[in-house]
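Sequence lines set the chain letters: A, B, ... in the order given, protein chains first and strands last, and positions in each chain run from 1.
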Amino acid sequence: MGGKPRVGARTDQKRFWLMKSEPDVFGIDDLQRVGQEPWDGVRNYQARNFMRDKMQIGDRVLFYHSNAKPPGIAGIAEVATESYPDPTQFDPNNKYYDPKSSEEAPRWMLVDVRFVKKFKSLLPLQEVRDNPALATMALVQKGSRLSIQPVTESEWSTLMDILD
DNA sequence: GCCAACGTTGGC
DNA sequence: GCCAACGTTGGC
C-alpha cells in the first residue's frame, strides 16, 4: 500500500509564484492580448534558478505590476513551457545581450507564461502589506527586490479569497 | 526624481 | 577572498 515515497518527485505538488513586470513595458493587458509570452530579460541568478530548476508547466503565477501607480497584483498567469535559453542573451542588438554567454553554454534560462485571468481590480501592494495573513510574502519583506518569487499555498489561498 | 537596498564587477 | 565602486530595482 502506498508504494515507495517519491523522493524528489515534483510531479503533483502545486507550486505558486509571483512574477514582476512593469506595466508600461509589459502588463497584464499585454499578456491577455498575446496569450503567451517568453519571460525574457531576467538577469538575476536567483530568479533564473527558479525558472530553470523549480518551475513546472501548469504552475500558477501572480502577475505583479511594479513601478506602477499603484503597484500591485494584477492577475494570474501559468507556466506554459519547460525552461529554455533566453534568446535575447545572444543578440548584440538586444538590451539584454550578455557577451559572457554563448549558445554552447547559455547563462540565462526562461519559461513562457500564459494568460489565465485579469482581476476585476488590482490588489495594491499596500493592501498586501496591511494583511497579516500575507506578511510572510517575499514581496513585502524589507529589501526584497527579487522579480520572481515563490508563493506558499496558504498565501495563495488567502489571495484567492480576496481577489476576483 | 529621489534614494535605500541589493547585486555584480573588478582591482588588489 | 575582500570590498569599494557602480548599476539596478522599485517604492515613494
**Request:** Mind checking A:K100 for me? I need base, sugar-phosphate or nothing, with any heavy atom below 4.0 Å counting as a touch.
**Result:** sugar-phosphate
**Prompt:** Nearest nucleotide by nearest heavy atom, which residue falls closer to the 5' end of DNA chain B, A:N67 or A:Y45?
**Reply:** A:N67
**Request:** On DNA chain B, check which nucleotide each of A:K142 and A:R43 is closest to and give me the residue with the more 5' one.
**Result:** A:K142
**Message:** Among residues at least two apart in sequence or on other chains, which ones pass ring-ring contact (aromatic ring centres under 6.0 Å, His included) with A:F16?
**Reply:** A:W156
**Atom pair CZ/CH2 of A:F26 and A:W39 - distance to nearest 0.5 Å** = 7.0 Å
**Message:** Need two values: the first and the last nucleotide of DNA chain C, 5' to 3', having an atom under 4.0 Å from any heavy-atom of chain A.
**Reply:** C:dT8 to C:dC12
**Asked** How far apart are the closest heavy atoms of A:P71 and A:Y64, and which atoms are they?
**Response** CB-OH, 3.4 Å
**Request:** Decide ring pair (Phe, Tyr, Trp, His ring centres under 6.0 Å) for A:Y45 and A:W108; before the verdict, give the C-alpha distance in whole Å, the side-chain angles of both, and the deciding distance to 0.1 Å.
**Result:** CA-CA 8 Å; A:Y45 289 106; A:W108 305 109; 4.8 Å; yes
**Inter- and intrachain pairs under salt bridge (Lys or Arg N to Asp or Glu O under 4.0 Å), touching residues 33-51 of chain A, at least two apart** = A:D30-A:R33, A:R43-A:D86
